[in-house]
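Just so it is clear: chains get the letters A, B, ... in the order the sequence lines come, proteins before strands, and each one is counted from 1.
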2 protein chains.
Amino acid sequence: MSKQVTIKQIAQYAGVSEATVSRVLNQPELVSKQTIQKVKDGMDELQYRPSALAQSMRNHTTKTIGVVISNVLNPFFTTLVRGIEDAATKRGYSVIVCNTDENPDKEQRYINMLVDHQADGIILASTGNHANYHSMVNDMPLVFIDRMPQGKDANLYDTVLVDNEKGSFNAVDALIKQGATRVNAIVSPVATTGTERLNGFRKALTAHDFPIREQDIALDDYLGQHTAELALNLIQTNQCDALFCGNNVILMNVLKVLKEWQIGDMKLAVFDDQPWFDFVQYPIISVDQPAYLIGTKAFITLMDRLANPDRPVTHDIVRTKLVIR
Amino acid sequence: MSKQVTIKQIAQYAGVSEATVSRVLNQPELVSKQTIQKVKDGMDELQYRPSALAQSMRNHTTKTIGVVISNVLNPFFTTLVRGIEDAATKRGYSVIVCNTDENPDKEQRYINMLVDHQADGIILASTGNHANYHSMVNDMPLVFIDRMPQGKDANLYDTVLVDNEKGSFNAVDALIKQGATRVNAIVSPVATTGTERLNGFRKALTAHDFPIREQDIALDDYLGQHTAELALNLIQTNQCDALFCGNNVILMNVLKVLKEWQIGDMKLAVFDDQPWFDFVQYPIISVDQPAYLIGTKAFITLMDRLANPDRPVTHDIVRTKLVIR
DNA sequence: ATGAAAGCGCTAACAG
DNA sequence: CTGTTAGCGCTTTCAT
């Protein structure tokens with residue numbers, strides 16, 4: 001790196017003190033027009049850019065936030081991240097994205113890293129495996145998205161969530177109204193979402209006087225390595241004619257099985273919507289989560305918290321939309 | 001924020017100087033076993049974490065890199081970013097992702113931001129609208145991905161690219177071998193990739209003694225707002241029986257048109273592969289780019305450059321793979 | 001083996 | 001309106 005231009009050199013160039021240069025940047029109203037001009041000329045001439053590092057050091061604010069999610073490769077999270085980034089950029093914030101892969105150790109490490117970097121706050125899709133985030137982050141603001149905080153954190157932090165139960169209920173309800181006679185489910189038992197989605201599934205069955213059989217439910221591992229196997233088992237053993245998938249990754253794996261085994265007849269529903277669902281030969285019912293909006297809201301919530309650390313905790317539930325195909 | 005624990009407090013706790021505490025962190029071999037123990041006890045007791053900010057300030061290295069891409073919502077870039085992040089995390093680096101949306105101004109602003117933050121380097125999918133990145137980043141290392149640097153930068157920077165022309169050639173060649181009699185193309189005229197892909201398209205036609213008609217080629221805008229229109233026009237006007245799409249976004253828009261107009265018969269090829277292509281009713285031929293690998297390589301290249309600023313510039317071309325469906 | 005002191009680039013009292 | 005000074009938390013000579 002070529003040596004960077006500092007406030008000192010600008011001060012020299014303009015024949016003023018460093019403090020004055022700093023004032024031109026931060027409180028120009030306290031500086032005379034002429035001086036401002038001289039200083040600005042110097043900045044242009046020397047191509048001065050203030051060191052964000054030094055500013056952070058002094059001001060105890062980095063204008064950086066962390067976003068801790070499971071995996072950017074999942075388009076749900078990608079959209080969410082984009083929502084956050086757009087909102088953040090507008091306010092002059094930078095975003096550091098961290099993928100936990102649902103691994104609590106990774107999550108821990110990333111949060112430590114964000115603490116070390118003095119991020120101004122964190123937006124977190126918790127793995128659900130840490131009961132006490134508060135002790136990890138000191139008093140850094142945290143906004144929980146997608147998954148509910150648990151244990152000690154439960155009522156300590158702002159949240160932006162969706163109504164998983166209701167969304168799932170609607171999807172399964174729609175399957176049955178389309179004529180499904182036996183609906184099975186595959187969900188991922190991650191954090192709070194899996195359970196909630198399963199609750200919706202069960203309630204929908206009950207609402208239609210369908211029996212709830214535990215063998216009709218399969219719990220996926222996060223990585224989806226056994227989804228295909230599980231799906232095949234459900235299909236063959238239970239002769240189900242409809243399948244409710246807990247997220248878009250699961251659906252993808254189910255589609256693989258259907259294709260491989262040339263199973264043409266299967267009603268499908270899934271939590272989370274993706275554009276390409278339109279082009280699949282099966283008419284996929286989906287629960288559309290406003291991922292981008294969740295991102296935006298989470299960021300705004302974080303900013304509010306930063307501006308007013310003592311305001312009461314907020315819990316935001318955003319609407320899902322049922323897409324029938 | 002509760003006041004953070006500093007080296008000073010550890011020093012007090014252990015009854016040593018700040019310098020010694022610092023040494024325990026950075027050069028423990030210079031410190032006696034006993035002192036190390038005392039200091040470490042203090043760190044544990046007070047839950048000390050070094051301020052990355054202060055370290056960056058002193059060491060002139062932030063352990064942070066910037067990744068400037070067009071849009072994380074595009075799964076190609078998402079995968080690329082994940083490749084970078086995984087590699088970066090392993091080496092203790094944080095990543096700041098910036099979406100330009102192919103907007104040169106945004107790109108400019110983001111690069112400035114990264115310079116202000118003293119990022120150690122930038123991985124850049126250039127919009128192609130700045131001829132002289134070198135002047136924007138001072139001597140910060142830059143690695144170009146996906147798109148070639150132009151103008152003054154052309155031979156100044158390391159690159160990790162794919163062979164767009166060859167990949168496109170193969171895809172179009174495959175279309176023709178599958179029996180296509182008139183292949184049209186829609187590409188996005190972004191940076192260098194559009195032109196190169198079009199070259200491949202043209203060469204494939206020529207290789208099969210097909211005429212090259214300029215009205216068979218449509219140039220998309222980046223946002224894809226008119227892709228559908230363009231596609232429909234090509235299909236109706238030219239009666240083409242095959243379409244080569246310059247990227248996965250274009251393909252998606254083409255699929256929408258085909259669906260809406262119930263056009264069942266169309267051979268499709270696209271640059272870039274996505275898993276869901278398997279489930280679409282059309283047998284999509286695709287050029288699979290190793291996006292994750294590009295990310296990994298780009299990061300490694302950047303690290304190499306950082307370790308050895310004066311080594312010769314490298315130009316890496318990664319292999320694409322033709323997927324026939 | 002350890003400490004004192006300077007300084008990275010910037011901002012914010014405090015004086016004048 | 002402007003300058004002087006101290007200090008954010010850390011690392012690194014230079015002494016001892």
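Looking at B:R311 and B:D158, a side-chain N of the basic residue comes within less than 4.0 Å of a carboxylate O on the acidic one, giving a salt bridge. Classification of A:R82 and B:D101 as a salt-bridged pair holds, one side-chain N sitting under 4.0 Å from a carboxylate O.
Sparse packing is recorded around NZ of A:K40, with 12 or fewer heavy atoms of other residues, nucleotides or ligands lying under 6.0 Å away.
B:T35 comes within 4.0 angstrom of sugar-phosphate atoms only, judged by non-hydrogen atoms across all strands, and of no base.
Separating the NZ atom of A:K63 from the C1' atom of C:dC10 is a distance of 16 Å, rounded to the nearest angstrom. At whole-Å resolution of the value, CG in A:L30 and P in C:dC14 are 15 Å apart. Per the geometry, NZ belonging to B:K38 stands 13 Å off C1' belonging to C:dG3, to the nearest Å.
Residues A:E85 and B:N99 bring a donor and an acceptor atom of their side chains to less than 3.5 Å of each other.
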Annotated protein contacts, base or backbone, on nucleotides 9-16 of chain D with a non-hydrogen cut-off under 4.0 Å, one of B, S, - each: BBBBB---

task: I would like to know whether B:Y157 and B:L124 meet side-chain contact (heavy atoms from CB on, under 4.5 Å); could you show each step before the answer?
output: CA-CA 11 Å; B:Y157 290 114; B:L124 174 69; over 6 Å; no

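Put simply, the side chain of B:V190 reaches to within 4.5 Å of the side chain of B:R147, judged on heavy atoms.
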